[in-house]
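Read through the structure below, which is laid out as structure tokens, and then see the notes.
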Amino acid sequence: MSLFTKVDELRSEFKQALASSPALSDLEQIRQQYLGRKGVLNDLFKQIKDVEPSRKGEFGNLVNQLKQEIQDGVDTLSSKMVKGTEASSGLDVSLPGVHYQRGSLHPIEQTMRDMKRIFHRLGFAVAEGPEIETQWHNFDALNFPPEHPARDMQDTFFLNNGSVLRTHTSPVQIRLMLAEQPPIRSIMPGRVYRNEAIDAGHYCLFHQIEGLYVDENVTLGELKATLELFCREYFGADVKLRFRPSFFPFTEPSNEVDVTCFLCRGKGCRVCKQTGWLEIGGCGMVDPNVFRSVNYDSEKYTGYAFGMGVERIAMLKYGINDIRLFFENDVRFLKQF
Ligand code: FA5
């Protein structure tokens, strides 16, 4: 290959090297490879002695021209890259500052706080209990018979040592009554777990707020009045409540509490399955068997209890039609609260 062809070849090699988006450190290597003391251009200059005398001048000019092209190419690209680095690392002090987004409370935490605030005004203290519970607190002391379906593996997460992830906040009632004597007027907020199929209205973990009032002569009327007051405060004065007869082993009589559907305002729609009502929780008068398991005198004391699903209440309040949104933590959802 003639030395003249070699110059052309080096030029196109260099252009390819520049076009391959080298990093800043690679660019320095390219400069050394071509322009360094032991670089290819110095080699070419040394070979000028092998060119026939009449073309020595022409060859020298060609190599000098290539040297300049290489110098310019490396300089231009490296200055572009340095500028880019400065901008991305915020070195340009004339640019406006970066604004950080501030976090906010999760809608479930907000709902719990709003609910607690209302119950606080109604005279309720706050108590808490563990999320890993003994079967005695979660079931036996609450009058669940041994063969009750809620104890089934299908509904309850069992741990290897025989404890359970609490399936409701009602075991905190037991802990509270074992620790204190009546009168008791307390709410018990917390996370609960159920081994159930997940859908728009059900999740395997959710939050409840339990309520318990025990004293002499506590009546079902007081229970209804308390829940009505709470719902009016929380949902607004026009909300309607419905108490449906139901069954819980730990209350007698027992009711399920429904409020008017947030979407159709009671007319009937897809969300409320055309009933106009949505269930928010269960309630009832404490069963005397529960008083017996905590050594309370069931002849002397009566009491009411309720347990509400916090996610369901938040869904009603904010018109959310899928419980899973609370657990996905998509910022586009969370920042609306
Ligand atoms: C109970 O858990 C009773 N411990 C409530 C109670 C307390 C009754 C005190 C009487 C006295 P229930 O299984 O119905 O009841 O659950 C109560 C509320 O939790 C439901 O009304 C609903 O709002 C919510 N809930 C139940 N299962 C789920 C679930 N898988 N996902 C989200 N919320 C749920």
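Only this structure's heavy atoms are used, side chains among them; waters, hydrogens and symmetry mates stay out. When a ligand or atom number is given, it counts from 1 through the structure's own listing order.
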message: Ignoring hydrogens, what is the shortest heavy-atom contact between S104 and L334? Give both atom names and the distance.
response: OG-O, 4.4 Å
field: Pairs flagged by ring-ring contact (aromatic ring centres under 6.0 Å, His included) wherever residues 171-196 is involved - sequence neighbours left out
entry: none
statement: salt bridge (Lys or Arg N to Asp or Glu O under 4.0 Å) pairs touching residues 241-250, sequence neighbours excluded, are R242-D258, R244-E256, R244-D258, R244-E279
field: Set of residues that line ligand 1, where lining means a heavy atom lies under 4.0 Å from it
entry: H168, S170, Q173, R194, E196, G201, H202, Y203, F206, Q208, E210, F248, F250, T251, E256, E279, I280, G281, G282, C283, A305, F306, G307, G309, R312, I323
message: With a 4.5 Å cut-off on side-chain heavy atoms, are I184 and Y296 touching?
response: yes
message: Under the ring-ring contact (aromatic ring centres under 6.0 Å, His included) definition, can you give me all pairs with a residue in residues 46-82, not counting sequence neighbours?
response: F4-F59
field: Chi angles and distances behind the salt bridge (charged side-chain N to carboxylate O under 4.0 Å, His left out) call for E109, R113
entry: CA-CA 6 Å; E109 179 59 28; R113 289 190 185 190; 2.8 Å; yes
